[in-house]
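Reviewing the structure listed below.
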Amino acid sequence: MRAVFITGGTTGIGMELAKNYLSQGWKVGVCGRDRQKFEENFTAHRDNISFYNVDVSERNDLKAAIADFSNSIGLDLLIANAGIGYKFKTKIPDFEYSYKMVHINLLGVMYAFEAALDVMIPSGKGQLVAISSIAGYNGLPGVSAYSATKAAVQKYAESLHLDLKQFNIAVTTICPGFVETPLTDTNRHSMPFIMKAPRAAELIVRAIKKKKMIYAFPFIFAAIVRLISMLPRTWYRFIMTRKTFNYSSKE
Ligand SMILES: NC(=O)c1ccc[n+]([C@@H]2O[C@H](COP(=O)([O-])OP(=O)(O)OC[C@H]3O[C@@H](n4cnc5c(N)ncnc54)[C@H](OP(=O)(O)O)[C@@H]3O)[C@@H](O)[C@H]2O)c1
């Protein structure tokens, strides 16, 4: 039986990924800070799932959780999904919250990968997945540290994809557009092409199975965003300082 550990599996995309893998007969480990959310959201799925009450910004705790799961169950796949977004877009960043975001969204991915590699390198196989975002392709207004952490995660995983091939370890980066989860619940701006979380999980699982290097979706939104990222930056700045696109100018 195959085994996957998913960070941040108590709600949203991580929860739907966990349910998707459970339905395919995988053994699943998830972590999160809120045990109650796990209890509420997995009432019907207790058999093949283990919950670890761990904050991904605590390196040693995460390492111990992933080691415990892999020793008792195994580890074929690690999905570093845990992340936080800004509840509100602001012109001046909330710096305390931004630092916390760097710890969770960037260091949390590195800690998870480090712990998984302790197992995967000696066994000569495995797959690492980082959940980045379409927000990582451009510096977006009002979400500075979110864009920065997601861009960093993309490049970090791209480097590891090159380095870890020789150990037979695949590295995949997933860049979702807008997905209906608690993270997007508080957004007051328009969210083009927003998708339900179970559908997003299906697409992510498919891309992971194909061992894609990078997968951005939904297709049209991802194509537009990638195209924008190729524009001369002066054009980009001109567009993004228009009131229609500049979320932070409204708050
Ligand atoms: N929703 C979107 O539109 C969207 C788009 C692109 C990318 N993403 C990315 O997808 C990932 C999942 O987001 P989501 O939309 O599913 O959000 P979500 O529903 O808020 O889920 C976030 C998950 O991460 C966990 N988490 C947060 N901080 C954590 C920490 N310090 N330690 C351990 N677990 C932590 C949460 O669990 P606890 O609260 O129990 O700790 C929860 O299980 C994030 O990386 C996000 O940036 C989301």
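Nothing here was measured: the structure is a model prediction, and the numbers come from that model. Order of listing sets the numbers, starting from 1, for every ligand and every atom in it.
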Original post:
When you check the gap from the basic side-chain N to the acidic O, do Arg35 and Glu39 get nearer than 4.0 Å?
Top reply: yes
Original post:
Is there a side-chain contact between Leu140 and Met240 (heavy atoms, below 4.5 Å)?
Top reply: yes
Original post:
Restricting to pairs with a member in residues 53-83, which pass ring-ring contact (aromatic ring centres under 6.0 Å, His included), not counting sequence neighbours?
Top reply: Phe5-Phe69
Subject >> Pocket residues of ligand 1, ordered first by chain and then by residue number (heavy-atom cut-off under 4.0 Å) >> reply: Gly8, Gly9, Thr10, Thr11, Gly12, Ile13, Gly32, Arg33, Asp34, Lys37, Val54, Asp55, Val56, Asn81, Ala82, Gly83, Ile84, Ile104, Ile131, Ser132, Ser133, Tyr146, Lys150, Pro176, Gly177, Phe178, Val179, Thr181, Pro182, Leu183, Thr184
**OP:** Would you kindly say whether Asn41 and Lys19 are connected by a side-chain donor-acceptor distance under 3.5 Å?
**Re:** no
**OP:** With rounding to the nearest 0.5 Å, note down the distance linking NZ in Lys150 to CD1 in Ile134.
**Re:** 12.5 Å
Original post:
Once the angle between the rings of Phe95 and Tyr99 is folded into 0 to 90°, is it parallel (under 30°), tilted (30 to 60°) or perpendicular (over 60°)?
Top reply: tilted
